Amino acid sequence: MSSKATIYSFLFLGLAVTALLIVAPVVYAVSLSFYQMDSFVGAPRWVGLDNYARMLSQWIFWRALINGFIYAFGTIIFQVVLGIGFALVLNQVFPGRNIVRGLSILPYLLPTVVVVLTFKWMVDGSIGVLTQVIAALGLPPVQWFESPGAAMASVILVSVWMWTPFVTTTFLAALQTVPSSLYEAAKVDGTNAVQRFFHITLPMLKPILTVIVLLRAVWMFNKFDVIWLLTQGGPVGATEHLAILSYKQAFGQFDIGGGAAVATISFAILSVAVFIYFRLFPLDTE
Amino acid sequence: MAEVRLKQVRKAYGATVAVHGVDLDIRDGEFVVFLGPSGCGKSTTLRMVAGLEEITTGTVEIGGRDVTRLEPKDRNIAMVFQNYALYPHKTIYENLAFGLRMRRMDKAEIDRRVRSASVMLGLDPYLERKPKQLSGGQMQRVALGRALVRDPDVFLLDEPLSNLDAKLRVRMREEIARLHQEVGTSMIYVTHDQVEAMTLANRILIMRDGHVQQVGAPLEVYDRPANLFVAGFIGSPEMNLVEGHVSGRTVRCGDLQVGLPPDVEAGEGSAVVLGIRPEHVGVAESPGARPFQVSVIEQLGAQTLCIGEVDGVRLRVLMDRSDAISHGTTLPVQFRPDRLHVFLKETGARLNRAGAREGQRPAA
């Protein structure tokens with residue numbers, strides 16, 4: 001086989017897999033949003049943009065959108081700030097550093113359901129360790145899943161707990177690539193540790209920071225399992241974001257067209273956000 | 001500008017001692033080169049002067065001030081790194097100005113200094129570029145400029161030319177020499193390249209395994225290497241080192257017999273190493289000349305280097321350019337006792353009291 005034929009055959013295979021696994025489901029999901037369907041077995045009825053008009057006119061959609069932004073921003077800010085902080089600590093030389101580095105990735109290795117159940121036990125009303133600590137401190141008990149604010153804080157807390165190690169590990173790897181001579185030159189230039197962080201570390205981490213914020217934003221905006229396992233979007237929709245709303249609409253209300261319309265809008269919002277993000281923070285900054 | 005004084009400066013990493021007590025007084029405006037092979041402790045010593053390595057014991061004074069426990073920023077030093085260490089996200093102007101900004105210098109004064117340094121180093125057209133848009137030579141000039149704008153007490157340069165190609169290295173060497181003449185600030189320069197050391201230094205400090213081997217002016221260490229290591233390290237092509245035994249007033253090296261220099265006192269039968277610089281082997285017909293059979297010829301342009309054997313001893317002989325020599329040619333060679341170096345084989349210590357240069361007085 002000539003080299004050109006080899007290249008085309010690989011290209012074709014790649015395109016075929018992409019079409020089958022990514023393009024086809026997306027097209028199918030988008031197409032569902034133009035039909036009125038109450039199950040996957042019945043005959044769909046073409047309704048055009050009615051599903052979009054119906055969903056966009058409901059306040060639960062806008063609540064889910066705002067919840068999605070609160071959840072995504074909340075988790076990203078804490079994950080990135082804590083991730084950089086932990087990475088800076090783990091980048092220092094101290095006894096047992098390798099063990100601590102290994103342990104720090106553990107939460108990321110656990111299945112979501114294990115992390116969620118552990119958290120639920122920790123905040124259990126009678127035996128939860130957090131409940132005991134709060135009581136011992138003389139603070140009023142926290143209604144973790146009953147009060148809207150506390151429920152959002154819970155899903156953000158668990159998400160930060162679970163995915164900060166990913167950010168830490170990525171930043172730790174990026175920190176290894178910063179030449180030590182830059183820090184030494186900055187020391188000779190008269191900087192203190194804080195100035196070195198802002199003048200050397202942060203700018204050197206910028207390319208990786210750009211990618212991490214984007215990836216985390218996309219993942220958190222679409223995150224389903226943690227919220228579903230913890231609150232199922234409750235109480236009274238306080239933690240319900242677009243992914244949960246889409247699922248509930250399609251499989252709870254048997255409104256598959258409406259659920260597909262919510263998912264399609266969510267997809268469109270993310271696509272526009274990613275486009276704007278790359279315009280604002282191009283990867284190649286040089 | 002300031003003098004620098006190192007007193008018994010020692011560096012240990014646990015049980016491993018990297019630098020065994022360096023004593024050195026650097027005069028105001030002097031250019032001192034730390035020279036030695038990789039791992040000899042020269043960079044560690046420089047970094048201790050800079051404050052980038054903690055000093056285990058001993059003291060460093062800069063301008064009469066004990067800086068041993070001070071942070072690098074409080075030592076009023078400037079440093080040029082081997083890999084330039086330019087801030088990649090800052091423009092050349094920002095790179096040059098950064099150290100001054102951190103010291104909260106007046107903006108107009110920063111601008112004046114940056115402009116002045118950039119003119120001196122020919123960096124004017126590149127001030128708005130980022131480091132990666134410059135060539136290696138230009139980056140090295142920026143690194144020099146960053147040190148220059150600071151107007152420090154002492155410049156510390158850690159193998160600044162190692163990353164450059166041979167031609168650029170020669171040009172930058174000249175620039176550094178010019179810069180030193182213009183600014184007149186004390187400089188400590190680390191290199192493993194003896195040519196850089198010989199051409200730039202007022203004095204060279206030669207190190208090996210953390211020990212100072214010799215401190216002296218370039219020609220002094222060339223003419224009077226303090227020991228076998230310095231003899232082998234300084235000089236290109238390398239000095240011929242031939243093992244032998246003292247017999248009367250001669251040294252016997254196999255079948256080769258060479259007269260002992262008049263200033264060497266050595267016991268009968270002592271095991272010694274004879275040092276003969278390739279350019280100090282006389283090539284001429286004369287009574288007592290020995291036949292040197294050439295096996296390898298290296299034409300260096302102005303000179304010819306021949307490698308071959310005389311009385312079973314392998315030697316390098318450097319002579320004026322000769323186009324007529326070929327493999328197998330026999331040349332008459334002789335060794336003038338006053339150009340020979342003799343070292344004790346066991347300790348490597350030098351036995352000559354005088355230098356190997358004609359008419360040189362014995363060392364005090």
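To find a chain, count down the sequence lines: A is the first, B the second, and so on, and within it residues start at 1. Small disclaimer: the values here were computed from a predicted structure and weren't measured. Both backbone and side-chain heavy atoms feed into the values below; hydrogens, waters and symmetry mates do not.
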Practice item. Name the region of B/Arg75, side chain, backbone, both or neither, that has any atom closer than 4.5 Å to a heavy atom of chain A. Key: neither
Review point. Okay, side chain of B/His89, backbone of A/Lys206: is any donor-acceptor separation there less than 3.5 Å?
Key: no
Exercise for review: May I ask you to check whether over 12 heavy atoms, not counting those of A/Phe12, lie within 6.0 Å of atom CZ?
Suggested key: no
Review point. side-chain contact (heavy atoms from CB on, under 4.5 Å) with A/Val188: which of B/Arg150, B/Lys73, B/Arg146?
Key: B/Arg150
**Study point:** Enclosure of A/Phe86 CZ (heavy-atom neighbours >12, cutoff 6.0 Å)
**Key:** no
Exercise for review: Would you indicate whether the side-chain heavy atoms of A/Lys187 and B/Leu52 approach each other to under 4.5 Å?
Suggested key: yes
Review point. Tell me, do A/Gln195 and B/Met102 make a side-chain contact under 4.5 Å, heavy atoms counted?
Key: yes
Check your understanding: Are more than 12 heavy atoms from other residues, nucleotides or ligands located less than 6.0 Å from atom CD of B/Glu54?
Key -> no
Check your understanding: Would you say B/Arg5 has more than 12 foreign heavy atoms packed within less than 6.0 Å of its CZ?
Key -> no
**Study point:** Interface moiety of B/Leu156 toward chain A, non-hydrogen atoms closer than 4.5 Å
**Key:** neither
Check your understanding: Is there a side-chain contact between B/Glu71 and A/Asn192, using heavy atoms and a 4.5 Å cut-off?
Key -> no
**Study point:** Per-residue contact mode, B/Ala147 against chain A (heavy atom under 4.5 angstrom)
**Key:** neither
Check your understanding: Do A/Asp189 and B/Tyr87 come close enough that some side-chain heavy atom pair is under 4.5 Å?
Key -> yes
Review point. Is it the case that more than 12 heavy atoms not belonging to A/Phe78 sit under 6.0 Å from its CZ atom?
Key: no
Review point. Where do A/His199 and B/Glu94 land on the side-chain contact (heavy atoms from CB on, under 4.5 Å) test, with the steps shown first?
Key: CA-CA 11 Å; A/His199 284 284; B/Glu94 290 166 343; over 6 Å; no
Review point. For B/Arg103, does the CZ atom sit with more than 12 other heavy atoms under 6.0 Å from it, leaving out its own atoms?
Key: yes
Check your understanding: Between A/Glu184 and B/Met79, is any pair of side-chain heavy atoms under 4.5 Å apart?
Key -> no
**Study point:** Other residues, nucleotides, ligands: >12 heavy atoms within 6.0 Å of A/Tyr277 OH
**Key:** yes
Review point. Can you pull out the residues in residues 162-175 of chain A with any heavy atom less than 4.5 Å from chain B?
Key: none
Check your understanding: Any side-chain heavy atom of A/Pro203 within less than 4.5 Å of one from B/Lys90?
Key -> no
Check your understanding: Can you name the nearest heavy-atom pair linking A/Met204 to B/Pro88, along with the distance?
Key -> SD-CG, 3.4 Å
